[in-house]
Amino acid sequence: MIERQRISSGAKWESIVGYSRAVKVGDRIYVTGTTALAGDGEMVGIGDAYQQAQQCLRNIESALQQLGAGLEHVVRTRMYVTDISRWEEYGRAHGEVFREIMPATAMVEVKALIDPRMLIEIEADAEI
């Protein structure tokens with residue numbers, strides 16, 4: 001049986017919905033939809049798509065590091081955004097992190113996220 005490791009972000013929604021910040025199975029890590037909440041639970045970059053995307057990526061990096069990986073191990077990201085017309089702002093933050101790594105990715109507009117102040121949520125898959 002393959003070992004399964006899980007880490008928590010401490011977000012209030014984890015216990016309600018029943019999910020983990022990230023799950024590592026074998027050499028694969030799956031990072032759940034990650035938003036722009038700081039470690040203290042406060043929203044970063046209210047109204048600022050670029051800052052929110054940056055914070056999402058910092059949170060993803062932190063989750064990966066807790067499971068022995070880094071951003072260089074990311075093979076796929078998925079960005080869920082509430083306003084696709086701001087794609088360049090989200091994309092700039094993503095590109096600053098992944099320009100050399102070049103994971104497969106998608107950016108999809110959604111009607112809303114769990115908190116109306118959230119403009120973006122990013123998922124990531126990594127392989128060590």
Side-chain angles (χ1 to χ4, degrees):
M1 183 173 189
I2 295 177
E3 181 184 351
R4 180 186 196 119
Q5 291 177 267
R6 294 185 305 244
I7 61 163
S8 171
S9 69
K12 63 184 178 184
W13 300 288
E14 281 185 13
S15 62
I16 296 168
V17 177
Y19 71 92
S20 299
R21 160 62 64 225
V23 178
K24 180 179 180 185
V25 179
D27 292 336
R28 294 184 178 166
I29 298 173
Y30 305 92
V31 183
T32 197
T34 303
T35 61
L37 293 177
D40 62 4
E42 293 300 313
M43 182 70 56
V44 172
I46 294 173
D48 188 318
Y50 173 73
Q51 281 187 355
Q52 283 201 17
Q54 285 183 311
Q55 184 64 42
C56 292
L57 295 165
R58 282 191 291 271
N59 292 345
I60 288 169
E61 181 177 31
S62 174
L64 291 168
Q65 288 173 345
Q66 290 177 63
L67 292 169
L71 291 169
E72 69 275 12
H73 295 105
V74 172
V75 295
R76 181 177 178 91
T77 62
R78 294 166 201 85
M79 294 177 273
Y80 303 98
V81 302
T82 59
D83 183 353
I84 199 77
S85 73
R86 299 180 76 176
W87 71 268
E88 289 179 276
E89 296 169 76
Y90 308 121
R92 181 165 48 106
H94 189 275
E96 288 171 359
V97 170
F98 292 115
R99 188 162 284 112
E100 299 300 318
I101 300 164
M102 302 291 284
T105 195
M107 184 184 298
V108 178
E109 184 177 60
V110 296
K111 181 178 178 180
L113 296 169
I114 201 162
D115 181 318
R117 300 173 300 165
M118 294 173 176
L119 303 175
I120 183 169
E121 183 171 312
I122 304 175
E123 295 180 345
D125 299 337
E127 296 215 16
I128 300 173

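These numbers come from a predicted model, not from an experiment. The analysis underlying the following values was restricted to heavy atoms, covering all of them including side chains, and did not include hydrogens, waters or symmetry mates. Sequential numbering from 1 along the given sequence is applied to the chain's residues.
- Partners of R58 by side chain to side chain donor-acceptor pair (under 3.5 Å), not counting sequence neighbours, listed by chain and number: Q55.
- Note on residues 72-81: pairs passing salt bridge (Lys or Arg N to Asp or Glu O under 4.0 Å), not counting sequence neighbours, are R78-E123, R78-D125.
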Trace of the side-chain contact (heavy atoms from CB on, under 4.5 Å) decision for L57 with I122: CA-CA 8 Å; L57 295 165; I122 304 175; 3.9 Å; yes

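- By the criterion of side-chain heavy atoms lying less than 4.5 angstrom apart, applied directly or through intervening Ile, Leu, Val, Met, Phe, Trp or Tyr residues, L37 is grouped together with V17 in one hydrophobic cluster.
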Test side-chain contact (heavy atoms from CB on, under 4.5 Å) on Q54 and Q52 and set out the steps. CA-CA 5 Å; Q54 285 183 311; Q52 283 201 17; over 6 Å; no

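- Applying the ring pair (Phe, Tyr, Trp, His ring centres under 6.0 Å) definition to pairs two or more places apart or across chains, none involves residues 60-91.
- Residue pairs meeting the ring pair (Phe, Tyr, Trp, His ring centres under 6.0 Å) criterion with at least one partner in residues 98-128, sequence neighbours excluded, are H94-F98.
- For residues 80-93, the pairs satisfying salt bridge (Lys or Arg N to Asp or Glu O under 4.0 Å) are R86-E89, with sequence neighbours left out.
- Considering only heavy atoms from C-beta on, M79 stays 4.5 Å or farther from E121 through its side chain.
- Connection of V75 to I128 is not established within any shared hydrophobic cluster, with ILVMFWY side chains joined at heavy-atom distances below 4.5 Å, either directly or through further cluster members.
- Pairs engaging residues 37-49 under the salt bridge (Lys or Arg N to Asp or Glu O under 4.0 Å) rule: none recorded [sequence neighbours left out].
- Applying the side chain to side chain donor-acceptor pair (under 3.5 Å) rule to S8 yields the partners E14; only residues at least two apart in sequence or on another chain are considered.
- Summarising the geometry, atom CD belonging to E61 is positioned 13.5 Å from atom SG belonging to C56; distances are rounded to the nearest 0.5 Å.
- Listed by chain and number, the residues in a side chain to side chain donor-acceptor pair (under 3.5 Å) with S15 amount to none (sequence neighbours excluded).
- In this structure a side-chain-to-backbone donor-acceptor pair under 3.5 Å is missing from N59 to A38.
- Residue V44 shares its hydrophobic cluster (ILVMFWY side chains chained together at separations under 4.5 Å) with no other residue.
- Between V74 and P103, the closest heavy-atom pair is O-CB, 3.8 Å.
- Under a hydrophobic-cluster definition in which Ile, Leu, Val, Met, Phe, Trp and Tyr are linked whenever side-chain heavy atoms come within less than 4.5 Å, directly or via other members, V110 and M43 are assigned to the same cluster.
- Residues I114 and V81 do not share a hydrophobic cluster, clusters being chains of Ile/Leu/Val/Met/Phe/Trp/Tyr side chains in contact below 4.5 Å.
- Residues forming a salt bridge (Lys or Arg N to Asp or Glu O under 4.0 Å) with D115 (at least two apart in sequence, or on another chain): R117.
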Can you give me every donor-acceptor pair (side chain of residues 23-32, partner residue at least two apart or in another chain, under 3.5 Å) with its distance?
| unit_1 | atom_1 | unit_2 | atom_2 | d |
| --- | --- | --- | --- | --- |
| K24 | NZ | L67 | O | 3.4 |
| R28 | NE | E127 | OE2 | 3.2 |

Given side-chain contact (heavy atoms from CB on, under 4.5 Å), test L71 with L64 step by step and report yes or no. CA-CA 7 Å; L71 291 169; L64 291 168; 4.1 Å; yes

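- Legend: side-chain hydrogen bond (donor to acceptor under 3.5 Å, both in side chains) pairs involving residues 96-106, not counting sequence neighbours, sorted by first then second residue: Y50-E96, T77-T105.
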